[in-house]
There are 4 protein chains.
Amino acid sequence: MKKIGVLTSGGDAPGMNAALRAVVRKALYEGMEVVGIYQGYDGLIKGEFELFELGSVGDIIQRGGTILRSARSPEFMTETGRQKAADNLKAEGIEGLVVIGGDGSFRGALELSAYGIAVACVPATIDNDITGTEFTIGFDTALNTVVEAIDKIRDTASSHERIFIVEVMGRDAGDLALWAGLGGGAESIIIPEEPLEVNEIVSRLHQSSERGKQHSVIVVAEGVMSGAKLSQLLKDEADVETRVSVLGHMQRGGSPSARDRVIASRYGARAVEELQAGQKTVAIGMRNHKIVAYPLQDVFNTKDCLDMEMLKLSKELSI
Amino acid sequence: MKKIGVLTSGGDAPGMNAALRAVVRKALYEGMEVVGIYQGYDGLIKGEFELFELGSVGDIIQRGGTILRSARSPEFMTETGRQKAADNLKAEGIEGLVVIGGDGSFRGALELSAYGIAVACVPATIDNDITGTEFTIGFDTALNTVVEAIDKIRDTASSHERIFIVEVMGRDAGDLALWAGLGGGAESIIIPEEPLEVNEIVSRLHQSSERGKQHSVIVVAEGVMSGAKLSQLLKDEADVETRVSVLGHMQRGGSPSARDRVIASRYGARAVEELQAGQKTVAIGMRNHKIVAYPLQDVFNTKDCLDMEMLKLSKELSI
Amino acid sequence: MKKIGVLTSGGDAPGMNAALRAVVRKALYEGMEVVGIYQGYDGLIKGEFELFELGSVGDIIQRGGTILRSARSPEFMTETGRQKAADNLKAEGIEGLVVIGGDGSFRGALELSAYGIAVACVPATIDNDITGTEFTIGFDTALNTVVEAIDKIRDTASSHERIFIVEVMGRDAGDLALWAGLGGGAESIIIPEEPLEVNEIVSRLHQSSERGKQHSVIVVAEGVMSGAKLSQLLKDEADVETRVSVLGHMQRGGSPSARDRVIASRYGARAVEELQAGQKTVAIGMRNHKIVAYPLQDVFNTKDCLDMEMLKLSKELSI
Amino acid sequence: MKKIGVLTSGGDAPGMNAALRAVVRKALYEGMEVVGIYQGYDGLIKGEFELFELGSVGDIIQRGGTILRSARSPEFMTETGRQKAADNLKAEGIEGLVVIGGDGSFRGALELSAYGIAVACVPATIDNDITGTEFTIGFDTALNTVVEAIDKIRDTASSHERIFIVEVMGRDAGDLALWAGLGGGAESIIIPEEPLEVNEIVSRLHQSSERGKQHSVIVVAEGVMSGAKLSQLLKDEADVETRVSVLGHMQRGGSPSARDRVIASRYGARAVEELQAGQKTVAIGMRNHKIVAYPLQDVFNTKDCLDMEMLKLSKELSI
């Protein structure tokens with residue numbers, strides 16, 4: 001393979017730039033040409049291409065967001081759109097494409113592969129919800145952002161002896177809420193993977209209170225319900241007063257953590273190696289703490305299970 | 001004066017602990033006894049007193065919140081309550097009281113002084129809304145927290161070419177929003193001290209857009225309206241799509257900035273000096289970059305003006 | 001097992017407190033009594049014991065260092081000392097001991113086990129140099145500290161077009177230098193696991209310079225040589241001017257990262273489970289991304305290999 | 001004035017980019033043209049000029065270092081060099097120059113003004129050692145960096161009951177050491193503005209030790225002596241064992257604090273206003289918490305006094 005393209009798509013995640021840097025530099029190191037495509041699949045259709053050099057990705061490893069930007073592309077949802085995208089790539093002599101993004105972006109890549117473009121997908125989303133990989137790029141950074149926010153909120157909770165609900169992102173997955181709750185020492189963690197038991201939350205609050213602990217932090221994943229709704233529920237069903245903090249988009253930004261930069265670099269480089277080795281539809285990820293490549297189709301199989309041991313542990317430690 | 005008390009009251013602010021440490025150590029250095037009072041004015045009435053030593057305030061200069069905690073005290077609103085508070089202080093031989101808090105707490109101190117207790121008030125609130133001082137303890141830390149959040153949100157805004165509204169605290173004051181907006185490079189800043197002009201915001205957005213800048217950050221002080229309401233307004237009046245991020249209670253926590261620790265230390269020590277010098281009702285603050293003491297009554301005079309030059313500047317720089 | 005003890009020993013690492021919290025709370029959850037032992041093995045001999053409750057480890061999950069403190073114990077190196085330590089434990093009815101520390105601390109635990117005390121060892125060191133586990137507690141935090149420092153140094157390096165040498169900790173292991181170098185985008189990484197080639201460093205500098213990049217960051221592990229010595233070497237052998245930054249003890253402190261808190265919590269709880277299950281000499285760690293327990297003796301076997309793929313990758317990406 | 005130039009010179013400081021952004025945008029807002037000059041005075045001589053637009057300084061307010069870079073210029077020390085620099089400016093139609101840097105850079109500006117170029121100097125150095133201004137750009141950021149490092153070192157100091165010496169920057173000035181020592185709760189602060197008394201340091205250590213505090217942090221300004229030398233001195237004269245941490249160049253980098261961004265924005269804009277108002281040799285700064293312009297010559301007058309009250313306070317609070 002002599003020339004590849006690279007794009008970022010879907011919600012941005014810290015470390016996307018580090019992955020992009022790795023793709024570009026690894027490709028150049030291997031003697032390939034590499035083209036940066038702006039605005040995701042939309043840019044693929046509109047031909048927003050730029051030939052990248054070593055310097056194109058200088059000084060970006062530490063930057064949040066994505067310099068290639070990201071955009072929705074309703075046109076790519078159509079066969080005409082995808083055909084045009086594939087034609088543009090072929091016209092440029094681009095034989096393979098690295099897609100950095102989440103599962104929606106991976107589906108786009110799979111569909112594009114039907115038009116004769118080899119694709120290698122690098123998982124990047126703070127939600128950590130891609131089947132087949134233990135970690136996605138951005139998860140570790142978002143996790144640290146959330147835990148730092150919980151630390152701050154706990155200062156206030158503790159000074160005023162209040163109960164705080166912290167709503168965190170994660171779409172349908174509880175990974176971010178679970179890890180952040182355990183790392184932040186939350187008294188309760190509410191995730192989509194477990195049925196919500198208001199009684200249990202309330203009895204945990206009473207337990208804390210009985211042993212002299214007047215403040216509490218409850219972490220709720222957005223996939224269950226909003227913080228505001230949970231607050232109302234606790235008020236209505238148990239007459240418990242709570243304050244709500246919705247962390248919001250801040251969770252998606254920031255300079256990537258060291259670990260996210262390392263895995264982004266490794267995933268990005270591996271994607272290039274897979275294209276070079278002739279793979280046509282492949283996803284990159286981590287399994288058993290090792291970087292792996294696996295069939296892209298597997299991403300759309302049954303979801304990986306969350307480690308429920310961690311949830312159990314969080315309950316035992318916050319007694 | 002041989003024995004003083006110290007309490008924290010009102011909303012917590014980063015640096016309250018640093019101020020407390022300074023009060024305790026300065027008093028001990030001057031040969032006084034010093035009593036920590038828990039739970040603000042409520043603890044004054046309930047007699048939650050503890051004789052403090054040097055070690056009582058060890059390892060707290062860097063911690064957010066307040067180890068003395070804070071609480072509402074409806075009872076202190078009554079004459080009976082205040083009488084009881086004063087009686088408790090006198091029974092303990094406490095002649096002077098350092099109150100660390102915001103303007104509500106200062107009013108309580110003023111009322112208490114009528115019962116023969118000397119009071120020295122140290123301004124601590126992230127809102128920076130105390131008349132007579134250029135800076136309150138906690139403002140600088142909250143400012144950095146907000147600016148870091150804006151940096152993160154901008155990563156996403158820029159990657160997706162979106163317009164974000166960031167709602168920041170400050171009660172009726174625009175200080176936090178104004179400084180954070182200028183420091184964060186916000187495209188628009190909306191504060192209570194200036195009438196809201198939706199047209200102006202929209203025309204600034206169009207201007208940006210015309211020169212190729214597709215993303216924008218609008219900072220709105222909670223004293224004007226909620227982020228959600230502003231978003232609706234922009235949708236209704238100008239058909240502009242925005243995302244909203246409400247920073248929330250996180251703004252009140254965290255390890256105090258270096259500067260907040262320094263001014264907290266200076267304010268706290270000065271409060272002790274003023275009590276020692278026989279002052280009866282005094283507030284501590286900064287004027288012309290110097291630590292000053294001034295009559296507590298002045299806090300309830302007309303509000304200090306916000307530096308509107310900064311607002312003008314922010315508009316010139318975000319063209 | 002009805003009663004266990006817990007101590008921290010060796011160099012402190014961020015996350016030790018989170019591990020301690022997990023040990024205490026898990027033990028209490030399981031209905032055991034748990035005794036905190038101050039000052040490591042020295043405190044074991046001197047009987048510095050305190051019966052811990054749930055609240056004893058409240059508000060410490062986020063704090064660096066170790067509230068149990070750590071100290072050297074020459075006396076424990078003697079048979080008399082160890083006998084006394086074991087006698088003290090038995091006199092208190094303590095049947096099992098959790099040791100949180102590095103490999104020196106683990107060796108002490110192994111020796112103590114000969115006196116009839118069951119031991120479970122939790123790996124905590126920023127050096128990540130314990131055989132049998134993929135990650136030690138503290139490594140991730142130190143890694144982020146180093147990468148943030150490299151980011152800052154790069155600001156200056158880039159503004160002044162200079163070459164900086166950054167000396168990082170790690171004792172005989174190159175893990176911290178390697179991960180930090182890859183995450184920080186260092187142009188060269190020098191670790192004990194690979195022979196030092198001055199020529200290669202110099203030729204990399206020339207290469208960079210030829211493609212217009214005037215600044216460079218070289219990360220050197222303290223296990224190879226000091227930054228000062230490397231600087232002199234580059235001056236003497238290749239007439240290359242460099243500046244040196246020795247990160248020093250700062251690398252060992254700080255609030256633990258989210259990930260370090262999570263693994264500390266999991267390791268600590270697992271150590272209690274192993275003692276409860278009747279294990280006598282066990283080490284806790286992570287393998288294939290799973291929490292495991294393995295024979296303590298294995299820690300003193302041949303060292304785990306560093307992932308040299310990462311070193312190769314760092315060279316390919318910093319071309 | 002229709003066209004101005006702007007350069008950064010001397011050691012880099014966080015906030016230089018924010019000042020640059022303000023100069024460029026304010027000038028464009030006022031209808032002037034503005035030219036960015038790379039590599040300081042060296043670039044002035046070599047003609048490394050670039051016409052800047054609004055977008056040239058986009059997304060830099062939060063970045064450390066200086067995108068204009070900085071360099072030494074031996075040639076500018078000569079009359080020929082300065083003549084050439086002035087000729088280059090005139091050839092480009094540049095009538096005024098904004099110089100962002102420290103006192104060496106200001107002296108260069110003063111000399112250049114003799115060739116008919118109007119100059120406005122913006123103080124940017126982490127050392128805070130410019131006569132006539134209360135704060136220089138970069139000081140607040142460096143202060144926070146140092147205090148955070150002290151917090152981390154204290155974790156280790158406290159866990160191991162050790163005495164740490166922390167060497168901080170500041171050239172001949174003690175500002176950074178004094179503020180950081182006070183903010184970090186250091187037990188001793190050693191600055192050039194006060195004679196070193198080894199006896200006093202030792203007696204403070206003994207005092208701490210007697211009241212049960214086994215660890216200590218001593219902050220020493222590089223202008224007094226190196227940390228290593230002080231450590232040797234304490235060993236030789238008082239048999240006190242200490243560890244040394246040299247914070248190094250890290251102190252000069254990093255994303256600027258909110259406050260540094262705000263004052264950088266204000267100073268930069270004011271410099272443009274002064275040139276526009278016809279000033280020929282002016283320095284910008286802060287006095288009594290207000291932005292001021294004053295004769296550039298005054299910078300070379302007697303040094304401003306350090307606030308020795310702060311040093312006295314630090315001693316009283318660290319008893």
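As the structure is a computational prediction, the values presented were derived from the model and not from experiment. First the proteins, then the strands, lettered A, B, ... as listed; each starts at 1.
When heavy atoms are compared at a cutoff of 4.5 Å, A/D151 does not approach chain B at all. Interface residue B/E161: only side-chain heavy atoms are found under 4.5 Å from chain A. Neither the backbone nor the side chain of B/R154 comes within contact range of chain A; no heavy atoms are under 4.5 Å apart. Proximity to chain A (any heavy atom under 4.5 Å) is restricted, for B/R243, to the side chain, taken from C-beta onward. B/S245 touches chain A through its side chain: at least one heavy atom from C-beta onward sits under 4.5 Å away, while N, CA, C and O do not.
Comparing A/T156, A/V246, A/I153 by heavy-atom pairs within less than 4.5 Å of chain B, the highest count is held by A/T156. Comparing B/S158, B/G253, B/G11 by how many heavy-atom pairs each has under 4.5 Å with chain A, the most go to B/G253. Listed options B/A13, B/A157, B/S70, B/G248 were ranked by heavy-atom pairs under 4.5 angstrom with chain A; first place goes to B/S70. In terms of non-hydrogen atom pairs under 4.5 Å with chain B, the most contact-rich of A/M250, A/R252, A/H249, A/H160 is A/H160.
Dense packing is recorded around CZ of A/R162, with more than 12 heavy atoms of other residues, nucleotides or ligands lying under 6.0 Å away. A/K229 NZ: 12 or fewer foreign heavy atoms inside a 6.0 Å radius. By the 6.0 Å contact criterion, NZ on B/K213 is enclosed, its count of non-hydrogen atoms from other residues, nucleotides or ligands being greater than 12.
A donor-acceptor pair is defined here as one N or O able to donate and one able to accept, closer than 3.5 Å; no such pair exists between the side chain of A/T66 and the backbone of B/S159. Side-chain atoms of A/D155 come within 3.5 Å of backbone N or O of B/G254 as a donor-acceptor pair.
Of the inter-residue distances, the one linking B/S255 atom OG with A/K152 atom NZ reads 9.5 Å to the nearest 0.5 angstrom.
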